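Everything below concerns the one structure shown next.
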Amino acid sequence: MLRRLAAGGMGSAPVLQAMGAVERHHFVDSGLANQAYEDTSLPIGFGQTISKPSVVARMIELLLAAPGARTDGLGRVLEIGTGCGYQAAVLARVAREVYSIERLRGLHERARANLRSLRLANVHLIFGDGMLGFASGAPYAGILAAAGGAAVPTAWCEQLAIGGRLVAPVADASGRQSLLVIDRSAQGFTQSVLESVHFVPLKSGIG
Ligand code: SAH
């Protein structure tokens with residue numbers, strides 16, 4: 001998997017190293033374990049999916065490349081959409097603290113179980129509606145959404161540190177999603193729209 005990502009120009013050395021340290025098969029059903037190292041999203045129950053490795057690499061890479069990012073790794077990061085916890089585990093290896101929020105209790109609990117044996121003391125799993133961000137951990141050097149809505153909730157921008165970067169899928173009027181990057185500087189926010197992507201929908205409330 002890592003060779004394929006590197007060959008495709010995906011992922012800098014720190015990202016590939018972090019991904020190499022987290023066994024993806026540990027996060028999917030044993031019946032799918034043989035597909036865990038292919039570049040595909042896979043079902044994780046509750047109608048949700050684990051993101052494609054190349055997409056995980058791309059998003060984390062973008063966070064690390066923020067204009068305000070420190071060279072010795074990221075500070076606090078917020079992930080919206082814990083799912084099975086895979087991306088949170090990878091983030092834990094490039095960021096000082098990871099706050100990851102999930103709106104489905106069943107998945108929040110599954111992620112907790114998946115992460116337990118990894119003993120990542122810097123990952124904080126939260127059950128709640130990520131549309132509101134997670135104010136207690138703010139400000140964040142990075143915010144990463146694993147689910148896409150029609151717009152970026154204002155709470156996310158408010159909780160972004162100066163020098164921080166937000167990476168999120170956002171859908172246009174026809175429902176097509178693109179990756180959006182928002183950088184916050186002392187002067188305000190700048191945004192860029194990157195390649196098209198396919199994420200599960202961002203939903204409000206908890207379930
Ligand atoms: N990060 C995961 C991907 C999970 S899929 C990985 O490592 O592969 C996206 C997740 O976002 C789903 O579990 C979905 O339930 C969750 N989600 C959608 N809307 C949300 C919201 N408002 N708050 C928190 N989680 C949300």
Side-chain angles (χ1 to χ4, degrees), residues 1 5 10-11 15 18-19 21-29 32-33 35-63 77-95 98-115 118 120 123-138 140 142-157 159 166-171 177 179-180 197-207:
M1 176 180 97
L5 291 178
M10 229 81 78
V15 176
M19 290 182 71
V22 181
E23 296 183 312
R24 193 167 179 258
H25 74 260
H26 179 73
F27 293 84
V28 296
D29 215 69
L32 296 169
Q35 295 174 61
Y37 298 98
E38 289 169 17
D39 194 23
T40 50
S41 52
L42 294 169
I44 51 172
F46 306 89
Q48 308 301 319
T49 54
I50 181 172
S51 305
K52 269 167 85 153
S54 58
V55 171
V56 171
R58 170 76 166 140
M59 292 182 98
I60 297 179
E61 182 87 61
L62 284 166
L63 283 192
V77 170
L78 173 66
E79 178 192 30
I80 322 291
T82 314
C84 58
Y86 172 71
Q87 182 158 263
V90 177
L91 280 169
R93 301 188 173 265
V94 296
V98 178
Y99 295 83
S100 182
I101 185 160
E102 171 58 54
R103 65 177 289 277
L104 296 177
R105 189 178 282 282
L107 275 177
H108 166 73
E109 279 164 8
R110 187 165 292 179
R112 193 172 287 292
N114 287 342
L115 291 172
L118 304 188
L120 300 167
V123 177
H124 313 283
L125 297 183
I126 302 125
F127 170 58
D129 181 1
M131 298 268 264
L132 311 171
F134 183 62
S136 321
Y140 298 101
I143 298 181
L144 200 155
V152 167
T154 48
W156 299 359
C157 293
Q159 292 173 21
L166 186 158
V167 181
V170 175
Q177 286 178 340
L179 213 50
L180 183 72
V197 284
H198 300 280
F199 281 85
V200 297
L202 180 72
K203 295 187 175 164
S204 57
I206 50 174

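The shown structure was predicted, so the numbers you read here are calculated from the model rather than taken from an experiment. Every heavy atom of this structure was used, including side-chain atoms; hydrogens, water molecules and symmetry mates were not. Counting convention: from 1, in listed order, for ligands and their atoms alike. Along the sequence shown, the residues carry numbers beginning at 1.
Where the criterion is an N or O separation shorter than 3.5 Å, residue side chain and backbone included, Gly130 meets it with respect to ligand 1. An N or O contact shorter than 3.5 Å links Asp129 to ligand 1 by distance. Looking at Ile44 next to ligand 1, no N or O pair under 3.5 Å apart turns up. Below 3.5 Å of separation, one finds an N or O of Glu79 facing an N or O of ligand 1.
Under the 3.5 Å distance criterion, the side-chain polar atoms of Gln87 are left unmatched by any main-chain donor or acceptor of Ala146. In terms of modelled atom types and a separation under 3.5 Å, the side chain of Glu61 and the main chain of Gly11 share a donor-acceptor contact. For the pair Arg24 (side chain) and Ala36 (backbone), a donor-acceptor distance under 3.5 Å is present. Side-chain N or O atoms of Arg103 include none that pairs as donor or acceptor with a backbone N or O of Asp129 at under 3.5 Å. Without hydrogens or angle criteria, Tyr99 side chain to Ser136 main chain gives no donor-acceptor distance under 3.5 Å.
Every atom of ligand 1 with a heavy atom of Gly83 under 4.0 Å away is listed here by number and element: 4 (C), 13 (O). Residue Leu107 approaches ligand 1 through these ligand atoms, each under 4.0 Å from one of its heavy atoms: 13 (O). Close contacts between ligand 1 and Val200 involve ligand atoms 5 (S), 9 (C) [criterion: under 4.0 Å to a heavy atom]. Atom numbering of ligand 1 starts at 1 in the shown order; those under 4.0 Å from a heavy atom of Ala147 are 11 (O), 18 (C). Within the listing of ligand 1, atoms 7 (O) sit less than 4.0 angstrom from a heavy atom of Tyr86. Residue contact check: Thr49 has heavy atoms under 4.0 Å from atoms 3 (C), 4 (C), 5 (S) of ligand 1. For ligand 1, the atoms lying closer than 4.0 Å to a non-hydrogen atom of Met131 are 22 (N). Close contacts between ligand 1 and Leu104 involve ligand atoms 15 (O) [criterion: under 4.0 Å to a heavy atom].
Contact detail for Leu115 and Gly85: the closest heavy-atom pair is CD2-O, 3.7 Å.
With rounding to the nearest 0.5 Å, the separation of CD in Glu38 from OG in Ser54 is 12.5 Å. Atom-to-atom distance recorded for Arg110:CZ and Leu125:CG is 14.0 Å, nearest 0.5 angstrom. Asn114 contributes atom CG, which lies 12.0 Å from atom CD of Glu109 (distance to the nearest 0.5 angstrom).
Contact check for Val15 versus Leu5: no side-chain heavy atoms found under the 4.5 Å cut-off. No side-chain heavy atom of Tyr86 sits less than 4.5 Å from a side-chain heavy atom of Ile44.
Neither the backbone nor the side chain of Ala88 has a heavy atom within less than 4.0 Å of ligand 1.
His198 NE2: 12 or fewer foreign heavy atoms inside a 6.0 Å radius.
Around atom 25 (N) of ligand 1, the closest heavy atom drawn from Gln48, Arg103, Met59 belongs to Arg103.
Of the protein's non-hydrogen atoms, Ser51 N, 2.8 Å is the one closest to atom 8 (O) of ligand 1. Ranking protein heavy atoms by distance to atom 13 (O) of ligand 1, first place goes to Glu102 OE1, 2.7 Å. When hydrogens are left out, the protein atom nearest atom 21 (C) of ligand 1 is Lys203 O, 3.4 Å; that is the closest non-hydrogen contact. With respect to atom 7 (O) of ligand 1, the closest heavy atom belonging to the protein is Gln87 N, 2.9 Å. Among protein heavy atoms, the minimum distance from atom 9 (C) of ligand 1 is reached at Ala146 O, 3.3 Å. The shortest contact between atom 2 (C) of ligand 1 and any protein heavy atom is with Thr82 O, 3.4 Å. In terms of protein heavy-atom proximity, atom 11 (O) of ligand 1 is closest to Gly81 CA, 3.1 Å.
Heavy atoms of Gly207 stay at 4.0 angstrom or farther from ligand 1.
Phe127 and His108 have tilted rings, their planes meeting at an angle from 30° to 60° on a 0 to 90° scale.
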